[in-house]
> 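First the structure, which I've put down as C-alpha cells, then a few questions once you've had a look.
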Amino acid sequence: MSKLKIAVQKSGRLTEKSLNLLEECGIKISNGARKLKADVANFPIEILFLRDDDIPQYVEQGVADIGILGQNEVSERGKDAQVIENLGFAACRMSLAIPKDESYNGISYFEGKRIATSYPKILTEFFLENDITATIEEISGSVEIAPGIGLAEAIFDIVSTGSTLLMNGLKEVEVVAKSQAVMIANKTLSEEKQQILDQLLFRIRAVRSAKENKYILLNAPNEALDAICKILPGMKSPTILPLAERGWSSLHAVVRESEFWEIIDQLKNLGAQGILVIPIEKMVL
Ligand code: ATP
Ligand code: MG
C-alpha cells in the first residue's frame, strides 16, 4: 500500500506547530529523533523533514506529495504546487519597512531606492504593479540589518509583532501581502494517495473547527430560554434539559471562540447562571 509523503520544516518556526497539528489528527510519529524521514505507525503517511525553501520544489517534483509551509515561501518559490488548505498558524505580514526617522509619503517613496529582501519575486511583482523602479538586493537572512550597514535604504520582510523592526530602528510602512501556514499538494496524486489526503484533510478540519469553538453549559430560568436560544445557535440548536429545581433548565450549545465574550455578557443579562465553558477536542460537522 502506498504512503502519502508529507514534507514538514526540519527545524524552524513551523516545525513544532506542523507536528502538533498532525498529532492532533491522531498521527503518531514513531522515530522521534528527527532524521530525514519519520514513519507513522497508525496512518499511511511518511514524514520528510526539509528546509522550508526546498519544500515547493520537492512537492512539485513528486518527491513529497504534500507539504506544510508558509504562504510566503509558496508565493516566492512555488511554481506548480497547489495550495489546498490554509492552516491558520504562523500568521504574519510581508511588509516594506524604512528607517524610523524618515517621513513616508506613499509607495513612491521607494522610487530609485535600494531594498533588501529574501523575497525578490514577490517584491518585484509588487513594484511592477505599482509602477515603481527600484533596486532589489537579494540577501538570505538578517534582512533587517541591511539599512544599518548601508546595504539598502529599506527592507521587505516578514513582520509579526514588529519588535525586530523596532530593535533595528525601522518602521513598517506598507503591507504587501499576508501569510500563514498552508498545505500544498502535488498536482497529480494517485487515486490512492488522494484518498489518504482526503482523510487527513477531514481530520485537520475537525481539529481546526474544534479550536475555533467552545462548548458552553449554563442554567437558566425557563422563561429566559427563548431569548437565550436566539443568541446561542449551537450546531443545530441548543440542547435543553430540565433541572431538578422546578422552573429551571440546563442548556448546552457550541459557540464560536471569537463571539464568546459578547455572548457571555448577553447570557448573564438574561439571567443565566453557572456558566461553564469547555474546550472541544474534535468537531465533525
Ligand atoms: P529554514 O531553515 O527551514 O529555511 P527559515 O529560517 O527560512 O528556515 P523560519 O524563520 O523558521 O524560516 O520561518 C519559517 C516560516 O515561518 C516563514 O517562512 C514564515 O511563513 C513563518 N514566520 C517567520 N517569521 C515569523 C514570525 N515572526 N511570525 C509568524 N510567522 C513567521
Ligand atoms: Mg527558509
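These figures come from a predicted structure and were not determined experimentally. Note that the numbering runs from 1 along the sequence shown for the chain. As the structure lists them, so they are numbered: ligands from 1, and atoms in each ligand from 1.
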> What residue among L165, I98, D157 forms side-chain contact (heavy atoms from CB on, under 4.5 Å) with E172?
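With E172 as partner, L165, I98, D157 yield a single side-chain contact (heavy atoms from CB on, under 4.5 Å), made by L165.
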> CG of L276 to CG of L218: how many Å apart, nearest 0.5 Å?
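Spacing of CG (L276) from CG (L218) equals 8.5 Å.
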> Less than 3.5 Å apart, which donor and acceptor atoms pair up between the side chains of residues 114-130 and the rest of the protein, not counting sequence neighbours?
{"residue": "R114", "atom": "NH1", "partner": "L151", "partner atom": "O", "Å": "3.1"}
{"residue": "R114", "atom": "NH2", "partner": "G150", "partner atom": "O", "Å": "3.4"}
{"residue": "R114", "atom": "NH2", "partner": "E153", "partner atom": "OE2", "Å": "3.4"}
{"residue": "T117", "atom": "OG1", "partner": "Y119", "partner atom": "N", "Å": "2.9"}
{"residue": "T117", "atom": "OG1", "partner": "F156", "partner atom": "O", "Å": "2.7"}
{"residue": "S118", "atom": "OG", "partner": "I139", "partner atom": "O", "Å": "2.9"}
{"residue": "Y119", "atom": "OH", "partner": "N72", "partner atom": "ND2", "Å": "2.9"}
{"residue": "Y119", "atom": "OH", "partner": "E73", "partner atom": "OE2", "Å": "3.1"}
{"residue": "K121", "atom": "NZ", "partner": "S75", "partner atom": "O", "Å": "3.3"}
{"residue": "T124", "atom": "OG1", "partner": "P120", "partner atom": "O", "Å": "2.6"}
{"residue": "N130", "atom": "ND2", "partner": "F126", "partner atom": "O", "Å": "2.8"}

> Could you check whether the rings of Y109 and Y104 sit parallel, tilted or perpendicular, using 30° and 60° as the cut-offs?
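The rings of Y109 and Y104 sit tilted, inter-plane angle from 30° to 60°.
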> Checking the side chain of D54 only, and the main-chain atoms of L50 only, is there a donor and an acceptor separated by less than 3.5 Å?
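Checked: no pair found.
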> State the NZ-CD distance between K187 and Q82, to the nearest 0.5 angstrom.
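Atom-to-atom, K187:NZ and Q82:CD are 5.5 Å apart.
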> Looking only at the side chains, is there a donor atom on one of N186 and T188 sitting less than 3.5 Å from an acceptor on the other?
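N186 vs T188: donor-acceptor pair found between side chains.
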> Donor-acceptor pairs under 3.5 angstrom involving side-chain atoms of residues 19-29: please list them, not counting sequence neighbours.
{"residue": "E24", "atom": "OE1", "partner": "K211", "partner atom": "NZ", "Å": "3.1"}

> Which protein residues come within less than 4.0 angstrom of ligand 1, counting heavy atoms only?
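Within the 4.0 Å shell of ligand 1, which is judged on heavy atoms, sit Q9, G12, R13, L14, R51, D52, D53, G70, N72, E73, A90, A91, C92, I158, S160.
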> Sum up the protein N, O or S atoms located under 2.8 Å from the Mg ion (ligand 2).
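Those protein atoms number 2 in total.
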> Are side-chain heavy atoms of E16 and S18 found at a separation under 4.5 Å?
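The answer is no; the side chains never approach within 4.5 Å.
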